[in-house]
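Notes follow the structure.
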Amino acid sequence: MSVGIVIVSHSARLAEGVAELAEQMSMGEVTIAVAGGTDDGSIGTSIDKVIAALQKASNPEGTLVLLDLGSAVMVTEMALEQLDPIERERVIISTAPLVEGAVLAAVEASAGSTLAEVAEAANNGHEMPKGQQA
Amino acid sequence: MSVGIVIVSHSARLAEGVAELAEQMSMGEVTIAVAGGTDDGSIGTSIDKVIAALQKASNPEGTLVLLDLGSAVMVTEMALEQLDPIERERVIISTAPLVEGAVLAAVEASAGSTLAEVAEAANNGHEMPKGQQA
Amino acid sequence: MPVTHEDILHWLQRSAQVLHENSAFLTELDSAIGDADHGINMDRGFTAVSTKIAGVSDADIGALLKTVGSTLVSTVGGASGPLYGTAFLRAGMATSGKQVLETPELIAMFDAALEGIKARGKAQAGEKTMLDAFIPAVDAAQQAAKDQLPVPQLLQSMAAAAEVGMNATIEMIATKGRASYLGERSVGHQDPGATSCWLILQALSDTVSPEIPHEE
Amino acid sequence: MPVTHEDILHWLQRSAQVLHENSAFLTELDSAIGDADHGINMDRGFTAVSTKIAGVSDADIGALLKTVGSTLVSTVGGASGPLYGTAFLRAGMATSGKQVLETPELIAMFDAALEGIKARGKAQAGEKTMLDAFIPAVDAAQQAAKDQLPVPQLLQSMAAAAEVGMNATIEMIATKGRASYLGERSVGHQDPGATSCWLILQALSDTVSPEIPHEE
Ligand SMILES: Nc1ncnc2c1ncn2[C@@H]1O[C@H](COP(=O)(O)OP(=O)(O)O)[C@@H](O)[C@H]1O
Ligand SMILES: Nc1ncnc2c1ncn2[C@@H]1O[C@H](COP(=O)(O)OP(=O)(O)O)[C@@H](O)[C@H]1O
Ligand SMILES: [Mg+2]
Ligand SMILES: [Mg+2]
Ligand SMILES: [Mg+2]
Ligand SMILES: [Mg+2]
């Protein structure tokens with residue numbers, strides 16, 4: 001089993017797009033669950049979607065949660081409080097940039113790395129070369 | 001007129017999701033054009049879509065292009081080479097993280113800031129507070 | 001004259017109504033420094049609350065407030081969901097099993113709600129958030145309790161302090177939430193969350209105040 | 001025996017065929033260190049090239065190669081699109097107006113293509129990319145020219161050098177493109193772009209080599 005990934009976004013399309021990009025790099029070896037948009041499909045977050053995504057991605061190796069904006073932290077934390085403590089212990093909320101972090105996390109997780117390693121890989125998303133220095 | 005924004009992504013859904021999130025913060029005051037996916041709808045980039053998005057977002061104040069992954073730089077540069085030099089001069093390819101950078105760029109552009117200011121605001125996306133330190 | 005379970009029900013229904021009426025206004029405030037949804041979010045949340053509590057007959061205030069909290073968390077969809085949700089959940093814990101709230105219970109309830117918002121949002125006074133209405137309101141309630149004012153006056157002074165605090169957000173620079181993305185440009189705009197906070201506290205005061213007749 | 005416009009047409013059609021046949025293989029290589037689409041990308045690009053050049057009768061090699069370049073840029077959809085696209089565009093510029101290519105024109109064409117890939121991708125030798133097949137191939141062509149080998153042998157030595165270079169990518173750490181996301185884990189896998197580069201150069205050698213009969 002490899003570390004699971006959860007994408008929390010205010011936009012359903014954004015969450016799905018990030019997952020499809022990350023999945024290209026992990027070849028189905030990593031569970032990437034999404035929680036995008038509100039229950040009624042508008043822009044925002046849904047605790048029920050976050051809980052469902054955490055459950056879907058849950059596994060003994062742990063789960064890395066990536067977020068689009070800072071305000072998604074609160075709903076994610078509330079969702080975590082609803083998991084049983086053993087589950088909650090093995091979840092890290094990433095501070096990485098969403099897209100770049102998700103792609104690097106998917107690569108790292110597919111290699112069978114630990115949660116700490118996957119979280120660190122996601123943070124390398126800040127240094128992903130783009131633009132002129134690529 | 002405010003600085004335009006172009007979102008280049010390998011995923012159409014991702015590009016649209018980023019635009020919808022950023023548009024929430026700029027209230028229609030900023031043109032946010034997307035170039036997501038290949039011409040046949042698969043995951044990848046399309047020079048024609050990038051050119052069309054650059055043209056749509058083109059304006060005298062300039063345009064900031066945000067990318068999902070480093071490999072999108074090349075297609076964006078080739079698209080820029082097809083614009084006439086005056087247009088090309090006022091485009092910056094951002095090194096910012098896509099989602100976080102787009103949201104901050106949209107906020108900055110909607111305030112009527114210069115291209116340099118919008119590009120700088122996008123780069124603050126690296127420091128967007130998330131996770132525990134939020 | 002304590003606050004009864006019925007008062008709380010009336011307050012919640014009145015809040016739902018007031019937030020519905022002010023939905024466009026709150027959204028307009030949020031459009032200046034946020035993403036133009038605070039009115040929509042609060043209206044959606046309190047409409048769900050209103051439906052949820054319509055059939056509640058059990059007189060446990062704590063249980064009622066916990067239901068409100070979890071409903072808001074589930075339905076609001078914005079930052080204000082976990083924040084108000086936590087506030088009501090904590091308020092419910094602080095009033096667990098209570099059928100009426102005297103001044104000490106009210107103070108304990110507001111303290112718990114305030115601590116909940118602080119813990120959830122990790123913000124403090126002066127960051128241009130709902131806390132800038134709620135902190136002075138809770139301070140005013142404590143002062144009123146010390147001065148042994150009756151409950152209606154205590155709630156009136158809370159609402160008045162919330163309003164002053166809300167107006168003070170206009171001059172503040174946002175350093176939490178979406179408005180912080182605007183940096184100094186957030187100055188000159190009233191915080192939507194502080195405004196909804198005042199509306200909710202004003203609704204409570206109006207509900208229990210004998211001077212103002214209830215409409216429900 | 002120079003390379004003619006017809007040879008170039010045959011080469012491009014053969015490349016399209018070879019890339020089509022090796023599409024699954026290239027994609028499998030890309031699945032190990034990339035996003036599993038290099039075969040799909042190259043097949044899509046060269047299928048479009050094949051259609052586009054089917055009706056070309058004008059004998060200008062430069063114009064033909066430029067068409068190939070812009071077609072690849074428009075259709076490949078991956079990093080290899082701008083890279084091969086630029087290579088063919090630059091090759092077309094270097095052979096502008098030419099109807100046949102003697103050794104000096106071939107060398108100029110390959111040099112231009114190589115500079116194009118370097119300029120576009122800002123990579124250099126040893127970064128586990130198509131350059132690690134193409135740089136030694138161009139070196140081999142230059143050596144063959146210096147040794148005054150005939151064109152078929154020159155192209156054979158290019159293809160052979162590309163193959164050696166392609167195999168050498170297995171031990172390299174990727175520092176450009178998606179494979180760089182894997183860091184040291186990219187070691188042990190053959191680079192898909194170096195492989196398609198070898199296939200294309202082998203197709204050129206096979207096309208002009210008198211020993212091997214054409215199928216088209
Ligand atoms: N960390 C925080 N602590 C306290 N209040 C906050 C915090 N973040 C945001 N708020 C409040 O939430 C309000 C915005 O709510 P809303 O518009 O519903 O959410 P969102 O910003 O997700 O769209 C702000 O006006 C502010 O009062
Ligand atoms: N900057 C670069 N310079 C040269 N070649 C590169 C560069 N980036 C990627 N490549 C080549 O492109 C190949 C991948 O092509 P492809 O799979 O079609 O694109 P993508 O990575 O966008 O999916 C790699 O195997 C490598 O040879
Ligand atoms: Mg809002
Ligand atoms: Mg919102
Ligand atoms: Mg690929
Ligand atoms: Mg690709």
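Predicted, not measured: the structure shown is a model, and the values here were computed from it. Chain A is the first sequence line, chain B the second, and so forth, proteins listed ahead of strands; every chain is numbered from 1.
- Crowding of E6(D) atom CD: a count of heavy atoms from other residues, nucleotides or ligands under 6.0 Å not exceeding 12.
- Contact annotation for residues 73-95 of chain D against chain B (heavy-atom separation below 4.5 Å, listed by residue number): V73(D), S74(D), G77(D), A79(D), P82(D), L83(D), T86(D), L89(D).
- Here D37(D) contributes atom CG and S42(B) contributes atom OG; the two are 8.0 Å apart, rounded to the nearest 0.5 Å.
- Contacts from residues 22-39 of chain B to chain D, taken as heavy-atom pairs separated by less than 4.5 Å, involve T38(B), D39(B) in sequence order.
- In H20(D), the NE2 atom is not crowded: 12 or fewer heavy atoms of neighbouring residues, nucleotides or ligands sit closer than 6.0 Å.
- To the nearest 0.5 Å, the span separating CD1 on I43(B) from CG on N41(D) amounts to 11.0 Å.
- Around CD of E120(B), the count of heavy atoms belonging to other residues, nucleotides or ligands within 6.0 Å does not exceed 12.
- With a threshold of 4.5 angstrom between heavy atoms, T45(B) approaches chain D through its backbone and through its side chain.
- Taking CZ from R120(D) and CE from M78(B), the interatomic distance works out to 4.5 Å, rounded to the nearest 0.5 Å.
- Between M74(B) and G121(D), the shortest heavy-atom distance links the atoms SD-CA, 3.8 Å.
- Between V73(B) and K122(D), every side-chain heavy-atom pair lies at or beyond the 4.5 Å cut-off.
- For Q82(B), no part lies near chain D; criterion is any non-hydrogen pair under 4.5 Å.
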